[in-house]
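Heads up: the structure comes next, in structure tokens.
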There are 2 protein chains.
Amino acid sequence: MRQAIELLYFAYRAFTAEPDAILAELGFGRAHHRVIYFVGRNPGIMVSELLALLRITKQSLARVLSQLVREGYVLQSPGPRDRRQRLLSLTPKATALERLLTERQSQRIARAFARAGDGTADGFRRVLLGLMDDEDRRRFPDPDAPRRAPR
Amino acid sequence: MRQAIELLYFAYRAFTAEPDAILAELGFGRAHHRVIYFVGRNPGIMVSELLALLRITKQSLARVLSQLVREGYVLQSPGPRDRRQRLLSLTPKATALERLLTERQSQRIARAFARAGDGTADGFRRVLLGLMDDEDRRRFPDPDAPRRAPR
DNA sequence: GATTTTATGTCAGCCATATTGACATATTGC
DNA sequence: GCAATATGTCAATATGGCTGACATAAAATC
């Protein structure tokens, strides 16, 4: 059990190190990464939804988000039905950055799967899913969901 | 692959949330947790070894460590052979705190294993091991190490 | 024995990211 | 018209990183 605790610590540190280094050269930090990532995954997301996803305050988000908007990474457009909303999306520049960062992290994960051996990816995914809060787990498809019976 | 990235993010956030809350009541943060944890796991560790393990600067460690010493959580004793060293160990108070924090995290991991199902723990461990830096991986026993042949 | 290297500590300042609390503005919905 | 909602902003504070510079004691080496 203690081993699992340490594994998580060292793995997560390695997992974030490379993006952090790339971001630092652009004057960004990990908080910017999260915004770019989640806006990229959820284009047109509302500010309030992003806040709920990240679980930070709007004041914390503001600094990061306004910098991203100012520097041409994130676009804000009024909601079509509710004009109070500022729906967020990435510019091409940000999309490219998001791809780069995700690609690096994906490569690390792919190497980890390869090193860990066949059939380990499922256990990895299922345990991480079990680890997170119930509320967050709902965002993921149930790995035990009954599928259309294959003929 | 993107799913794995998000799983790591949400799982790690949940994994650290409960200790953070307990520590906050004592006026400590996550950095204190790391020191207490690793000193507890490695009693008699040198300051320089702890720095290498945490990969932070001595100035960063100093604030946290001196607070822990001041408040009676960590003991410093001169090295028996090299008196320049300050070998670190936990007081009973800190040992109790470390146990509490580790217990809560262990419980969360145990629940995750139970929810994930039999046979998932091995994949979880092996992938995390593959994810971390080579240097850190050396701290862990090789899961493929040949064992004494069972008769 | 003198000098250099090592282990550790400390002061000062800076940066990133989080917090709480208060208040402002525009828009929507009753 | 008015309350609620979505968002923004100002100010202060805490945490935990960083760099650079300097200090001290002990060990190791010439």
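Here is how names work: the chains are called A, B, and so on, in the same order as the sequence lines, proteins then strands, and each is numbered from 1.
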Discussion item. Nearest whole Å is fine: how far is C:dT6 C1' from B:L51 CG?
Written reply: 14 Å
Worksheet entry | Single-linkage hydrophobic cluster, 4.5 Å side-chain cutoff, B:V39 and B:L87 together | no
Fill in: B:R137/B:D134 salt bridge by N-O under 4.0 Å criterion
yes
Worksheet item: What's the CG-C1' distance between B:L61 and D:dT15, to the nearest Å?
Response: 15 Å
Worksheet item: Checking all strands, does A:S48 fall into the base, sugar-phosphate, or nothing category for heavy-atom contacts under 4.0 angstrom?
Response: sugar-phosphate
Worksheet item: Nearest-Å distance, CZ (A:F28) to P (C:dA16)?
Response: 11 Å
Item to complete: Look at the side chain of B:Q76 and decide which nucleotide, out of C:dT19, C:dG9, D:dT9, has an atom nearest to it.
Response: C:dG9
Discussion item. Rounded to whole Å, how long is the line connecting atom CZ of B:R83 with atom C1' of D:dT24?
Written reply: 14 Å
Worksheet entry | Chi angles and distances behind the side-chain contact (heavy atoms from CB on, under 4.5 Å) call for B:I109, A:L131 | CA-CA 6 Å; B:I109 294 171; A:L131 217 40; 4.0 Å; yes
Worksheet entry | Any B:S60 side-chain nitrogen or oxygen under 4.0 Å from OP1 or OP2 of D:dG16 | no
Worksheet item: What's the closest nucleotide to the B:A31 side chain, out of D:dG17, C:dT19, D:dT7?
Response: D:dG17
Discussion item. From the set D:dC10, C:dT27, C:dA7, return the single nucleotide nearest to any side-chain atom of B:D82.
Written reply: C:dA7
Discussion item. Please report the distance, rounded to the nearest Å, between CZ in A:R84 and P in C:dA24.
Written reply: 19 Å
Worksheet entry | Any B:M1 side-chain heavy atom under 4.5 Å of B:I5 side chain | no
Worksheet entry | Rounded distance in Å - CG (A:D20) to P (C:dC15) | 18 Å
Practice prompt. Choose from C:dT8, C:dA18, D:dT9 the nucleotide whose nearest atom is closest to any side-chain atom of B:Q85.
Written response: C:dT8
Discussion item. Tell me the interatomic distance from B:R34, atom CZ, to D:dT15, atom P, rounded to whole angstroms.
Written reply: 15 Å
Worksheet, complete the sentence: Against the side chain of A:R86, the closest entry in C:dT8, D:dC18, D:dT7 is D:dT7
Worksheet, complete the sentence: Side-chain atoms of B:Q59 come closest, of D:dA21, C:dG9, C:dT19, to D:dA21
Worksheet item: Of the nucleotides C:dT28, C:dA22, C:dG9, which has the atom closest to the B:K58 side chain?
Response: C:dG9
Worksheet entry | Given D:dA6, C:dT19, D:dG16, the nucleotide with the shortest approach to the side chain of A:M46 | D:dA6
Discussion item. Quick check: is B:L50 connected to B:V69 through a chain of hydrophobic side chains (ILVMFWY, heavy atoms under 4.5 Å apart)?
Written reply: yes
Worksheet item: Side chain of B:A62: nearest nucleotide among D:dG16, C:dT19, C:dT10?
Response: C:dT10
Discussion item. In this structure, how many angstroms lie between the C1' atom of D:dG17 and the NE2 atom of B:H32, rounded?
Written reply: 13 Å
Worksheet item: Would you say the side chain of B:R63 and the base of D:dG17 hold a donor-acceptor pair, judged only by whether the two atoms sit under 3.5 Å apart?
Response: yes
